[in-house]
Novice: 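Attaching a single structure in structure tokens format; questions to follow.
Below, read A as the first sequence line, B as the second, and so on, with proteins coming before strands; counting in each chain starts at 1. Please read these numbers as outputs of a predicted model, since none were measured by experiment.
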2 protein chains.
Amino acid sequence: MANSASGESIIGRFVKIVSAFDDRHTSMTVAELGRRTGLPVTTTYRLVNDLLRERLLEREPGGDIHIGTRMWELVSRGSKMLGLREAALPFMEDVQAVVQHSTTLGILDSDEVLYIERLGSDKTIVDITKIAGRLPLHATSSGLVLLAHAPAAYQDSFLARPLTKFTETTLTEPSLLRRHLAEIRQRGFAAMPGVIVPESSGIAVPVFGPDNTVRAALSVVVPRNEENAAARVPVLMAAARGISRALGWRGELKGTLRQSH
Amino acid sequence: MANSASGESIIGRFVKIVSAFDDRHTSMTVAELGRRTGLPVTTTYRLVNDLLRERLLEREPGGDIHIGTRMWELVSRGSKMLGLREAALPFMEDVQAVVQHSTTLGILDSDEVLYIERLGSDKTIVDITKIAGRLPLHATSSGLVLLAHAPAAYQDSFLARPLTKFTETTLTEPSLLRRHLAEIRQRGFAAMPGVIVPESSGIAVPVFGPDNTVRAALSVVVPRNEENAAARVPVLMAAARGISRALGWRGELKGTLRQSH
DNA sequence: AGGAGGATTACCATTGAGCGGTAATCCTGA
DNA sequence: TCAGGATTACCGCTCAATGGTAATCCTCCT
């Protein structure tokens, strides 16, 4: 692979181009795209034109380009995210209706929580989760739930590296974290007051797939000063079980119980 | 472009590969992917491996591959769909809370309505809209709204081709449709009883962008036998204005009113 | 154990698609 | 009118991509 002087494949360059767009920069001129990606000018134009031809990119009246509707459609339709989302949404709506604060669904990807769905952006409390946004595992309730149910080998390697301490309550000490993860597995939920942002706290529970492994974490963000945040747990758990069942989960398998840790 | 014997570019093949996945087939073996795309075996394997390397595709334990989380993330984050969705969701939740049936948001793409968001899949009524799914313009309330506010030239070319008659009430006669579109523009909403599915009817209103053009259609699907479906219109309209404003729309421009038809 | 059938990888000669430089042209605002 | 950036046009070089054949792996089934 790599026809280029720099040794990159077209696929690699495609990724560079798509990556140049984010929620802050959804459209830009081709020249600017070239600058952002660092690709040679001519190459950028040629590649962009190829992508325009396939409708993976689109040119707007002003001349700026943006990610094409076709690309969004193809990826959304073929991705497993949609299935998960479809299964989760009705239950998330229920949670949202009762809890009133923002409800999110996150998965484990590349050592971080990737939020794939979110309902109810409540401006009154601080909530930095965004759809298609990422946050560190050890500093979010969703992340802790996902980490707690990940394979032991994975936990080990994750806990081996240095962890950023965002606020006073962020746990970074491996041994303390381990104990906390065990607790999360046992209680079935994670409740973290102000782990990233001091003013808000998150509560998260696991969502299971047919093979009884954890697929996602369902969580709500509430103001930290709320009296008994733990009262939210049953609602979340019920919803998570509903989602799990919609995914094909059949309750905890009594006979062939398989531990992931 | 096209190094291949068949004269396809890599980008084209990339599209073929991604297109091979849909909501019914979210994962498959590489060999099957080759069959579905019609690409030469070796080529399929090489390309898939390149894509796996970039994490645009992912291999699951069984060996099957599926669209990668990275791909979903990159496209979602960079796409304008997210912005539209973020703006619309809070209002859609409100509509959903009041109307109780399913609420959808659709845009015009490739002569069809592409649904980009949907809340409340009510199993009690028939509703064939899916996220990232498509339906014909002339047979859905959303589509009619979008068509009604499209440029005149576009309407002409669209109405020039033969239109499928799905049920008794589907309008296919160009002149009748034109009159109906005018009516929709004037009243500000489209209400179609059983245009695709006889048992349900849809109501849709336009969502405007900063330049006062129509960006999307907000709609609800209700049972056809509901007494006064038209009573839903004000709620929808209020929500649509809210979304429009969130997109930067500043009310109908009195001075420099620009007609799109 | 053996073997059939599919999935996957290894190998390799051929070639044209991608590459990226330079230069011309278009566009926009001052 | 002019300046500076964005975009397109042109072009020779070359190696990455191609896709055939064949070997290997893997999974059931008998």
Novice: Where each residue is assigned the nucleotide of DNA chain D containing its nearest heavy atom, which of A:G63 and B:L47 is assigned the position nearer the 5′ end?
Specialist: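 In this pair, the answer is A:G63.
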Novice: So does A:T29 get a side-chain nitrogen or oxygen closer than 4.0 Å to the phosphate oxygens (OP1/OP2) of D:dG5?
Specialist: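 For D:dG5, neither OP1 nor OP2 has a side-chain N or O of A:T29 closer than 4.0 Å.
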Novice: Output the rounded distance in Å from CG (A:N49) to C1' (C:dG18).
Specialist: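 Distance, rounded to whole Å: 14 Å.
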Novice: Given atom CG of A:L33 and atom P of D:dT8, what is their separation to the nearest angstrom?
Specialist: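 Atom-to-atom, A:L33 to D:dT8, this comes out as 13 Å.
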Novice: Roughly how many Å is it from OH in B:Y45 to P in C:dA10, rounded to a whole number?
Specialist: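 Result: 12 Å.
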Novice: In Å, rounded to the nearest 0.5 Å, how long is the span from CZ of A:R185 to CG of A:L181?
Specialist: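 So the gap between those two atoms works out to 6.0 Å.
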Novice: At less than 3.5 Å, do the side-chain atoms of A:T42 and the base atoms of C:dG21 form a donor-acceptor pair?
Specialist: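 A donor-acceptor contact between them is present.
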Novice: Can you tell me the distance, in whole Å, between the CD1 atom of A:I65 and the P atom of D:dT8?
Specialist: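 Rounded to the whole Å, the gap is 11 Å.
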Novice: Starting at atom CD1 of B:I10, determine the distance to atom P of C:dT15, rounded to an integer number of angstrom.
Specialist: 19 Å
Novice: Before accepting this row, confirm whether a basic side-chain N of the pair A:E60/B:K80 lies closer than 4.0 Å to the acidic partner's carboxylate O.
Specialist: yes
Novice: Closer to the 5' end of DNA chain C via nearest nucleotide, is it A:T43 or B:R59?
Specialist: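 The residue whose closest nucleotide sits nearer the 5' end is B:R59.
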Novice: Are any of the side-chain nitrogens in B:D109 or A:R55 under 4.0 Å away from the carboxylate oxygens of its partner?
Specialist: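 Looking at B:D109 and A:R55, the cut-off is met.
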Novice: Name the residue closer to the 5' end of DNA chain C, choosing between B:A31 and A:P40 according to the nucleotide with the nearest heavy atom.
Specialist: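 Upstream on the strand: B:A31.
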Novice: Using a strict 4.0 Å threshold on nitrogen-to-oxygen distance, state whether B:E117 and A:R85 make a salt bridge.
Specialist: yes
Novice: State whether A:R13 places a side-chain N or O below 4.0 Å from either non-bridging phosphate oxygen (OP1 or OP2) of C:dG18.
Specialist: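 Indeed not, no polar side-chain atom of A:R13 lies that close.
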Novice: Whole angstrom is fine here: how far is it from CZ in B:F14 over to P in D:dA17?
Specialist: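 Those two atoms, CZ and P, are 15 Å apart.
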Novice: Round to a whole Å and report the spacing from CG of B:L52 to C1' of C:dA7.
Specialist: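 Checked: the CG to C1' distance equals 15 Å.
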Novice: Could you state the CZ-P distance from B:R36 to C:dA7, rounded to the nearest angstrom?
Specialist: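 Roughly 14 Å, once rounded to whole Å.
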Novice: When you measure from the side chain of A:H138 to the backbone N and O of A:T164, does any donor-acceptor pair fall under 3.5 Å?
Specialist: yes
Novice: Check the phosphate of C:dT8 against B:R46, side-chain N and O only, distance under 4.0 Å to OP1 or OP2. Yes or no?
Specialist: no
